[in-house]
Structure formats: structure tokens, C-alpha cells
Amino acid sequence: MKRTRQQAQDTRNQILDAAEWVFAEHGVAHTSLEDVAVRAGFTRGAIYGHFRNKGELFVAMTNRVMLPMEMLVSASVDAGEPDPLGRLRKLLVFCLGKAVVEPHSRRVFEVLFTKCEHTRDTDLVFDRQRNAARNGRKQLELALRNAIAKEQLPSDLDTVRASGVVHVFLDGVLRDWLLEQDSIVLPRDAEYLADVCIGMLRHSPSLRRGGEDVHSLS
């Protein structure tokens, strides 16, 4: 019986769901396509019917979710946005709240932050992460300049340094939550953590131009 396109897509999604669980449990380097096939309830041949190798499967799995910094690139860069800082806060809350507890995002983030070794299979995803971080910081700089223009942030804010701090803050909170899950509780703490980040942008002397020198965050 000929498989329909929907049946093929359903099988593919079952394989990707299984990959999330197995990669999260054992790490990328220690997981084989056979492990994924067993979890999905298929033969290894069925896996090869959709993915040429583990690297292709890993990339497809991560492509189903947005990375944290990819979420933030939608921060307001439109000079006509009346509340750019409020928009940034809402996106931080989203990244630290709903997004991290959505099942697919939660498992993929766990793999990327805690179970992902640098191997040939993961090269493309690490490139995506680097590009997301680089592009996200550039977009954040524009959003911060917009907030300065709207007098929501100090006029002497070092936007390059500040965008790096936002990136490190978001990355660090997510990593801590994934590793510990006791010092930070998400999504419960999402709003206060976003307010802490916004407070740093507004009040930290080290984020002003000519402030205390720190190592580059880029």
C-alpha cells in the first residue's frame, strides 16, 4: 500500500520526537540511529528513509524550534515603535517563560545546552547558534538605540556592550535552569528576571560609555 504524504510526515515527526528524548537522555555523541529507531518503534531502515545520517537528523530536530536569540531578533528595531523597551521585556518574558516549557523547545534546549558535544554531526547546528547570537546582538543594538531615542534608556548607554550582556544573561539563565531547576523556577520567575535585565540596562554604570572596562562579550 502506497504511503500518503501525511503518513510520511507523521513518521518523520515520530522519529524527530524520539530523537529529542534519546539525545536528551544520552547526549548526541552517545546516541546511535539504532537508539532513535528503537525509541520511535521503527527499524533503522525507516530512519534512513527520512535522514541520511545522525547529523541530518540532529539538524532537522533542532530546526523545529527557534533558538533563544532567534526569538529576540524580533525585538523592536522600528523607529516608529512607541515602546521598544517594553517590547524587549515582553520578548524576554516569552523566552524565559512559555518558550522554555513548550515540550519541543524544552527538550531541544536541554540537548543544546547540556548534552551536545562538538562533533561533525553538530557542526551545522553550532554554526546556526553562532549566527543567531551574532545577528541577535546586532538586532538588539538597534532595539536599544530605539529605546534611547524614546528616552527609555540612558543616552550614554554602550549599546554594543549592553546587547552582549542581554545575550549572556539570557544564555546563563536558561543554562542554570536546565542544569539545576531549583535556584530558578520557570516560567514562574520569568517576569522578575526580565525586570532584572531591564534594570541593568537602565542603571548599571558599567554599561555606560566610558564605564568600567570589562572583557568584550562578543
Side-chain angles (χ1 to χ4, degrees), residues 13-29 31 36 39 57-77 83-118 121-122 124-141 143-144 162-201 217:
N13 286 334
Q14 284 180 255
I15 294 169
L16 293 172
D17 289 346
E20 288 178 1
W21 286 104
V22 181
F23 285 143
E25 290 171 0
H26 304 294
V28 178
T31 294
V36 177
R39 176 59 70 92
L57 170 63
F58 181 65
V59 170
M61 183 199 76
T62 58
N63 281 345
R64 292 203 297 179
V65 307
M66 292 183 69
L67 301 178
M69 284 300 285
E70 288 173 340
M71 297 175 192
L72 283 185
V73 298
S74 57
S76 173
V77 296
D83 185 16
L85 199 61
R87 173 68 174 159
L88 177 58
R89 181 187 181 278
K90 287 179 181 178
L91 286 164
L92 283 168
V93 171
F94 176 78
C95 292
L96 295 173
K98 180 180 177 181
V100 299
V101 296
E102 189 277 324
H104 293 301
S105 294
R106 169 70 176 79
R107 288 192 290 271
V108 170
F109 289 175
E110 181 177 358
V111 173
L112 293 178
F113 279 86
T114 69
K115 300 290 181 66
C116 189
E117 305 85 352
H118 282 265
D121 292 324
T122 63
L124 287 176
V125 176
F126 276 106
D127 285 343
R128 178 187 169 196
Q129 288 180 289
R130 283 189 287 268
N131 289 334
R134 186 181 304 112
N135 294 334
R137 287 195 296 267
K138 289 180 180 178
Q139 293 294 95
L140 280 171
E141 283 183 55
L144 295 174
S163 65
V165 166
V166 173
H167 174 212
V168 171
F169 178 87
L170 179 61
D171 207 55
V173 169
L174 292 176
R175 192 178 302 274
D176 184 76
W177 176 68
L178 289 165
L179 290 173
E180 301 294 337
Q181 297 198 52
D182 54 3
S183 61
I184 294 171
V185 179
L186 296 175
R188 186 197 68 187
D189 296 338
E191 293 209 14
Y192 105 75
L193 288 166
D195 287 336
V196 167
C197 187
I198 296 299
M200 286 193 298
L201 296 175
L217 294 167

Visitor: List in chain and number order the residues that pass salt bridge (Lys or Arg N to Asp or Glu O under 4.0 Å) with Glu141, two or more places apart in sequence or in another chain; answer none if no residue qualifies.
Guide: Arg145

Visitor: Tell me, please, which residues at least two apart from Phe126 pass ring-ring contact (aromatic ring centres under 6.0 Å, His included).
Guide: His118

Visitor: So do the side chains of Phe113 and Leu179 get within less than 4.5 Å of each other, counting heavy atoms only?
Guide: no

Visitor: Could you list the residues that satisfy side-chain contact (heavy atoms from CB on, under 4.5 Å) with Asn135, not counting sequence neighbours?
Guide: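 Counting only residues at least two positions away or on another chain, Asn135 forms a side-chain contact (heavy atoms from CB on, under 4.5 Å) with Asn131.
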
Visitor: Once side-chain hydrogen bond (donor to acceptor under 3.5 Å, both in side chains) is applied, do any residues pair with Ser105, and if so which ones, sequence neighbours excluded?
Guide: Glu102

Visitor: Testing the basics here: between Val93 and Ala194, what is the closest heavy-atom pair and its distance to 0.1 Å?
Guide: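 Shortest heavy-atom separation between Val93 and Ala194 comes out as CG2-CB, 3.6 Å.
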
Visitor: How would you list, by chain and number, every residue that makes a salt bridge (Lys or Arg N to Asp or Glu O under 4.0 Å) with Asp189, sequence neighbours excluded?
Guide: none

Visitor: Is atom NZ of Lys115 surrounded by more than 12 heavy atoms (other residues, nucleotides or ligands) closer than 6.0 Å?
Guide: yes

Visitor: Drop me the distance from His167's NE2 to Arg134's CZ, to the nearest 0.5 angstrom.
Guide: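 Going from the NE2 atom of His167 to the CZ atom of Arg134 covers 11.0 Å.
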
Visitor: Only counting residues at least two apart or in another chain, list the ones meeting side-chain contact (heavy atoms from CB on, under 4.5 Å) with Arg128.
Guide: Thr62, Asn63, Leu67, Glu70

Visitor: Check step by step if side-chain contact (heavy atoms from CB on, under 4.5 Å) holds for Arg137 and Met69.
Guide: CA-CA 8 Å; Arg137 287 195 296 267; Met69 284 300 285; 4.2 Å; yes

Visitor: Tell me the closest heavy-atom pair linking Val125 and Leu112, and the distance in Å.
Guide: CG1-CD2, 3.6 Å

Visitor: Can you check whether Arg106 reaches Val101 side chain to side chain, under 4.5 Å on heavy atoms?
Guide: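 The answer is no; the side chains never approach within 4.5 Å.
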
Visitor: For Glu25, which residues count as a side-chain contact (heavy atoms from CB on, under 4.5 Å) partner, sequence neighbours excluded?
Guide: Trp21, Arg39

Visitor: Are Ile198 and Leu201 side-chain neighbours, meaning at least one heavy-atom pair lies under 4.5 Å?
Guide: yes

Visitor: Restricting to non-hydrogen atoms, name the atom on Phe58 and the atom on Val28 that form the minimum distance, rounded to 0.1 Å.
Guide: CE1-CG2, 3.6 Å

Visitor: Return the CG to SG distance between Asp121 and Cys116, rounded to the nearest 0.5 Å.
Guide: 9.5 Å

Visitor: Which pair of non-hydrogen atoms, one from Gly97 and one from Pro187, has the smallest distance, and what is that distance?
Guide: CA-CB, 3.6 Å

Visitor: In chain order, what residues pass the side-chain hydrogen bond (donor to acceptor under 3.5 Å, both in side chains) check against Asp17, with sequence neighbours excluded?
Guide: Arg64

Visitor: Would you indicate whether the side-chain heavy atoms of Glu110 and Glu20 approach each other to under 4.5 Å?
Guide: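 Contact flag for Glu20/Glu110 side chains = no.
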
Visitor: Report the residues that fulfil side-chain hydrogen bond (donor to acceptor under 3.5 Å, both in side chains) with Asp195, sequence neighbours left out, ordered by chain and then residue number.
Guide: Arg89

Visitor: Looking at every heavy atom in both Leu193 and Phe169, which two are closest together, and how far apart are they?
Guide: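 Nearest heavy atoms, Leu193 then Phe169: O-CZ, 3.2 Å.
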
Visitor: To check you understand the geometry: which heavy-atom pair defines the closest contact between Trp177 and Val100, and what is its length?
Guide: CH2-O, 3.4 Å

Visitor: Calculate, to the nearest 0.5 Å, the distance between atoms CG and CG belonging to Asp176 and Leu186 respectively.
Guide: 9.5 Å

Visitor: Cys197 and side-chain contact (heavy atoms from CB on, under 4.5 Å): which partner among Val165, Leu96, Val166?
Guide: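 For Cys197, the side-chain contact (heavy atoms from CB on, under 4.5 Å) test succeeds with only one of Val165, Leu96, Val166, which is Val166.
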
